[in-house]
Protein chains: 2
Amino acid sequence: MAQSKVTSAEVAARAGVSQSAVSRVFTPGASASAKTVAKVRKAAEELGYRPNVLARAMVSGRSRIIGLVVAYLENQFYPVALELLSNALQVRGYHILIFTAPNSYDDGIDSVMQDLMDYQVDGIIAASVSMSSDLSARAKDLGIPVVLFNRSQDDVEVSNVTSANRLGGRKVAEFLVAGGHERIAHIAGWQGSSTGRDRQAGFLEVLKAAGQSPFAIVDGMYKREVAMECARKLLGNAERPDAIFVGNDHMAFAVIDAIREAGLRPGHDISVVGFDDVPLASWGAYDLTTLRQPVERMVESTVDLILRQIESGDAAPERIEIEGELVLRGSARIPEGWTS
Amino acid sequence: MAQSKVTSAEVAARAGVSQSAVSRVFTPGASASAKTVAKVRKAAEELGYRPNVLARAMVSGRSRIIGLVVAYLENQFYPVALELLSNALQVRGYHILIFTAPNSYDDGIDSVMQDLMDYQVDGIIAASVSMSSDLSARAKDLGIPVVLFNRSQDDVEVSNVTSANRLGGRKVAEFLVAGGHERIAHIAGWQGSSTGRDRQAGFLEVLKAAGQSPFAIVDGMYKREVAMECARKLLGNAERPDAIFVGNDHMAFAVIDAIREAGLRPGHDISVVGFDDVPLASWGAYDLTTLRQPVERMVESTVDLILRQIESGDAAPERIEIEGELVLRGSARIPEGWTS
DNA sequence: CTGAAAGCGCTTACAG
DNA sequence: CTGAAAGCGCTTACAG
């Protein structure tokens, strides 16, 4: 059927026009007469021609490739975001080139960024990675737009999209305090990340205002094993917390497993609240009360932001924050007459 | 620091050599004297030069991009595979360009494949997708290697890597029969997929050999909601199954949720066995007995296969099948003295 | 080993 | 609107 790699020159020959004309027909916004368009489309169809994206990228300086730096795909939040991101970008004519990075260390990220540049990506979306300032700076230097997804970075002028993490931490604390809990522990998100710190900060503010001090605060590092270990310790003592706010759902699942392992019932003997609302949170086995991160809207904003920066060359960094709501389920006691 | 987009010509000028010499220094296997190499490396370093992958791709015909077609990322098996695939490919100097596709319909896949070709990918890995014969054929026509991951297709000559699905189905059935179960139901994987059919076929063979007929067989479509619905129906009748073999873990979690919802205990009142062994299967809340798909080895084979085809031009299709083992956990009764 | 030159498949001023 | 030509940043025969 189709020839192997048809070029615009072959189409031109068949259509009886110049190669430039063919190019124009396939370039949105370029001018060509209706007659030319018709001839070219017909010939292209017959030959199975499609423009070579790479060649186009070379001359136009636009690869229509977005580099996505991710890790931590065991946390369901990221695959979900990845799929949404990819779909949204595909519709707009872009595709995602994946770069997997060691999560929290600057070591590997350096070479990842090198790679990224080699591919002439039009933009970079960094999810769940702490990019060193150097690298954000370097991307900027090269005029490559960067958007941090679900993470922010204070020391660099870079765009980011997050949920309202601090407010979210506050909401969880208010809910827990209203529920009459008096020994509230926090297994925090990684304190090397903005999300981990912000959620904790909001949580502590409200606790303080309520005249409580936290039963315990530990860094769960966003890792299942660490959170599990923390939970076991917390539950192993004579005096136990009556509620645990966990820095994300992924860790909260471990905490619930640990609670049951100790013979206790989440939502009855001890309340657990997570952060994210990944699909698994709503499944029967966990039924997790959690602060929802509105991932669809976060993705929309991220895509809008990066494409705007690419297409208009407007690189003014923007910080977008989207508010999420508490989703009530069975893992935490609901205060009398509570209406979110 | 770094200039915006340094070219080989600039490096050449600074090093006092020709542009070709610079190219050779960065082309593995090309010949250059030690002296030239040193001068060029020095100049490149100072300028922050890195070869443009896209330009290289244009002339060499190698983009070092692998197109990955995926969907269904809510099933943990795929993100896990994606991460492993990306890591393995990155080490070998390739990267993954993501194409998300509607799962089971040929409709959308068609345009996805068009896209794929536009980017001049060196190879295609198709996961959890049924490619139409046309498209496999077309890729072949263009000399683009294709490997199906976790899926096979009989009507086309295309490489694929799967686990031993039929054998896996047999193992599950043997285990369940040995456990004394006599009313074994099967919520099957999507019957439009080879994996779904093969697992079911193996399962039925053994049941038949044991003189049993299945309590029920339904197609769960690899979807959580469908599986949940099937399970509810199965449990709603006066006579219930005493075991359910579920076509993959993702659906098995739904089945376990349904069982508990009905006030029954998995592993006691009714045995459940899944297929995959995703990380979640080992978490306390599900503790799922399941037939492990050896994803690391599947990924290794996939990467080896596609790179071999790309780099040697050897396009002889190969079908690789990797045996997986049953992982015993709490969701199914273990036969007396059973040793896997 | 090395340089000059052609060419990969396009887009985009530049004339007409 | 249209064609001829230059050029994007490389690799790769081809001579030397």
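Within every chain, numbering begins at 1; the chains are lettered A, B, ... in the order of the sequence lines, protein sequences first and strands thereafter.
Listed by chain and number, the residues in a side chain to side chain contact (heavy atoms under 4.5 Å, CB included) with B:Thr162 are B:Ser152, B:Asn160, B:Asn165, B:Glu321 (sequence neighbours excluded).
Under 3.5 Å, the side chains of A:Asn150 and A:Tyr78 contain a donor-acceptor pair of N or O atoms. Of the N and O atoms on the side chains of A:Ser20 and A:Ser23, not one donor lies less than 3.5 Å from an acceptor on the other residue.
Comparing B:Ala55 and B:Thr36 by the nucleotide of DNA chain C whose heavy atom lies nearest to each, the residue mapping closer to the 5' end is B:Thr36. In terms of position on DNA chain C, the residue among B:Val37 and A:Thr7 whose nearest nucleotide sits closer to the 5' end is B:Val37.
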Pair B:Leu82-A:Leu82, side-chain contact (heavy atoms from CB on, under 4.5 Å): steps then yes or no | CA-CA 11 Å; B:Leu82 166 57; A:Leu82 166 57; 3.3 Å; yes
Could you walk me through whether A:Lys42 and A:Glu46 pass salt bridge (charged side-chain N to carboxylate O under 4.0 Å, His left out), step by step?
-> CA-CA 6 Å; A:Lys42 180 160 178 293; A:Glu46 290 165 356; 3.0 Å; yes
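Among the atoms of the strands shown, base atoms are found under 4.0 Å from some heavy atom of B:Ser20. Counting any heavy atom pair closer than 4.0 Å across all strands shown, B:Arg50 reaches sugar-phosphate atoms only and no base atom. Residue-level contact check: A:Thr27 touches the backbone only, with heavy atoms under 4.0 Å from sugar-phosphate atoms and none from bases. At the heavy-atom level, B:Ser33 lies under 4.0 Å from the strands shown only through sugar-phosphate atoms.
The nucleotide range of DNA chain C contacted by chain B, defined by atoms under 4.0 angstrom from heavy atoms of the protein and reported 5' to 3', is C:dC1 to C:dG9.
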Taking only Watson-Crick and G-U wobble pairs with both distances under 3.5 Å, what dot-bracket line describes DNA chain C, where [ ] shows pairs that cross earlier ones and | shows pairs with another strand?
-> |||.||||||||.|||
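Between the CD1 atom of B:Ile96 and the NE2 atom of A:His95 there is a distance of 15.0 Å, given to the nearest 0.5 Å.
Aromatic ring centres of A:Phe26 and A:Tyr49 lie closer together than 6.0 Å.
Of the charged side-chain nitrogens involved, none lies within less than 4.0 Å of a carboxylate oxygen, so that B:Asp118 and A:Arg56 do not count as a salt-bridged pair.
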